[in-house]
Amino acid sequence: MHLRADDSTARRLEGEPHGKTEAWHILDAAPGATALVGTRPGVDRDTLHRALLAQDFDAVMRRLPGRAGQTVHVPGGTLHSFGPGTLVYEIEQTSDIQQHAMRTRMEDGSPVPEPEWHDNLARLLDAWRPGPRPEFHSATDIRSDGGVVRWTAGTTTPPWRTPSPPRRSSPTREPR
């Protein structure tokens, strides 16, 4: 579970020129696959902080179903994590700024020391942008919402490639 700052927050808090907005295109997803993306409506900073301390992400986050062919835009400032059984192609701004909510490191699973973990949570809360965004959409859907473009591919076959016709197997010939 982590969050990446948006552009203005990255400049203000990190002294970096931009944060990291990303998009996930789901290439494959097991039945029932989900992603935690954004917080539920009405979640405030104190409620989020208590849930992060308890590592109770489902108490404050939206668990959205995911399936192959969907694409979701994840604006900077959105707490997120996609779940197991999901293969995504991630398109993102170039930035290494991120704040983790987990007690272990994403890179190797080693424990995060207590003072560092609390510092991570404080920085995450400072970069967090509340709100139940973004949404997954079905079928082909391109729209702009306050300058944010979201889209979903309606098929798992890329539009630039048509499916190949099925190959017919040739009859096996006996050696002479």
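All of these numbers come straight from a predicted model, not from anything done at the bench.
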Donor-acceptor pair, distance only, cut-off 3.5 Å: does the side chain of [X] make one with the backbone of [Y]?
X   : Y   : answer
T9  : D6  : no
T21 : G76 : yes
R11 : P17 : yes

Just jot down the side-chain hydrogen bond (donor to acceptor under 3.5 Å, both in side chains) partners of D7, sequence neighbours excluded, or say none.
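If we apply the side-chain hydrogen bond (donor to acceptor under 3.5 Å, both in side chains) test to D7, skipping adjacent residues, the hits are Q93.
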Run the side-chain contact (heavy atoms from CB on, under 4.5 Å) test against P113 and tell me which residues pass, sequence neighbours left out.
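Counting only residues at least two positions away or on another chain, P113 forms a side-chain contact (heavy atoms from CB on, under 4.5 Å) with R105, P115, E116.
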Show me the pairs that pass ring pair (Phe, Tyr, Trp, His ring centres under 6.0 Å) and involve residues 83-122, at least two apart or across chains.
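Residue pairs with at least one partner in residues 83-122: H2-H100.
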Of the options L52, V37, V43, which is the one that meets L79 in a side-chain contact (heavy atoms from CB on, under 4.5 Å)?
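The single option meeting the side-chain contact (heavy atoms from CB on, under 4.5 Å) with L79 is L52.
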Under a 4.5 Å cut-off applied to non-hydrogen side-chain atoms, are R103 and E114 in contact?
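Heavy-atom side-chain distance check passes, below 4.5 Å.
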Shortest non-hydrogen contact between [X] and [Y], atoms and distance:
X    : Y   : result
A10  : A5  : N-CB, 3.9 Å
A29  : A68 : CB-N, 4.2 Å
A101 : Q55 : O-NE2, 2.8 Å

Run the salt-bridge test on R4 and D96 with the 4.0 Å N-O cut-off and return the result as yes or no.
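The answer is no: the pair does not qualify as a salt bridge.
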